[in-house]
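Working notes for the structure below.
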Amino acid sequence: PIFQTLTGQTFKSAYNAGFLGGAFLGVTKNKIGVQGEVLIKSAKFDTKPSVSGVPSVSINTMYLDIPVLFEYKLVSRLWLQVGPQFSSLISAKQSSTDVKKGFNTSDIAGVIGLQAILPLHLTLGARYIMGFTNNINSAFWSNGVSTGTSVSRTSCFQLSVGFRFL
């Protein structure tokens, strides 16, 4: 599962649960390695109620995430992972209405986490991801009224269980 929030003036700063799935490919030698991943994730964001009486709404999003992680072996089966993540917005819906124009379609984030490589080719992972870029189109959410320099960035915790073929 993932727990993701979107900061800023437009959205509530609450971590909402979502799902994550994908594949990874890694190369290691001694105590260092590189792991690339392709992930699909769902995330839900809730807007703050507006001053004009517009109620809070939920936005369901789907992203394609591509982290490139540099790995360092801390102890026998535990690896530290650090690197950039590139994300692309696939869809954003409020009920059945497409609101993808309310978001910037790409995001760059930093990832830090731990991955345990267990017997039977299983992996367990925990990560924190912090977005560096503005995720929203402020003009879309303000209905044409200037919101100044409103910036919204993602923040996410991920927990994972995986299977390694080799």
Which pair of non-hydrogen atoms, one from [X] and one from [Y], has the smallest distance, and what is that distance?
X	Y	answer
C156	Q4	SG-OE1, 3.7 Å
K44	N16	O-ND2, 2.8 Å
F70	G83	CD1-CA, 4.4 Å
A126	L159	CB-CD2, 3.9 Å
S58	D46	OG-OD1, 2.5 Å
F132	A109	CE1-C, 3.6 Å

Hey, mind stepping through S87 and L64 against side chain to side chain contact (heavy atoms under 4.5 Å, CB included) and telling me if it holds?
CA-CA 6 Å; S87 298; L64 173 68; over 6 Å; no

What's the spacing between [X] [atom1] and [Y] [atom2] if we round to 0.5 Å?
X	Y	atom1	atom2	answer
L118	L78	CG	CG	10.0 Å
F19	M62	CZ	CE	10.5 Å
K12	L6	NZ	CG	13.5 Å
I117	T28	CD1	OG1	7.0 Å
L69	I112	CG	CD1	10.5 Å
L89	S106	CG	OG	9.5 Å

A side-chain contact here means heavy atoms from C-beta on lying under 4.5 Å apart; do [X] and [Y] qualify?
X	Y	value
T133	N104	no
I59	V57	yes
P67	R127	yes
I90	I40	yes

Give the cluster check for [X] versus [Y]: same hydrophobic cluster or not, with ILVMFWY residues linked at side-chain heavy-atom distances below 4.5 Å.
X	Y	answer
V75	Y72	yes
V82	M130	yes
I136	V99	yes
Y128	I2	no
V34	V38	no

Given Q81 and V111, is the side chain to side chain contact (heavy atoms under 4.5 Å, CB included) satisfied, shown in steps?
CA-CA 8 Å; Q81 297 179 314; V111 178; 5.8 Å; no

Is the count of non-hydrogen atoms from other residues, nucleotides or ligands lying under 6.0 Å from L80 atom CG greater than 12?
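Counting neighbours around CG of L80, more than 12 heavy atoms of other residues, nucleotides or ligands fall under 6.0 Å, so yes.
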
Do side-chain atoms of T61 reach the backbone of A92 as a donor and acceptor pair under 3.5 angstrom?
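Checking the backbone N and O of A92 against the side chain of T61, no donor-acceptor pair under 3.5 Å is found.
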
Report yes or no: does N135 contribute a side-chain atom to a donor-acceptor pair with the main-chain N or O of R153 at less than 3.5 Å?
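The answer is no, because no donor-acceptor pair under 3.5 Å joins these two groups.
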
Please write out which residues are connected to L25 in a hydrophobic cluster, directly or through intermediates, given that two of Ile, Leu, Val, Met, Phe, Trp, Tyr count as joined at side-chain heavy-atom separations below 4.5 angstrom.
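Direct or chained contacts put L25 with none.
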
Is the centre of the F163 ring less than 6.0 Å from the centre of the F165 ring?
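Yes.
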
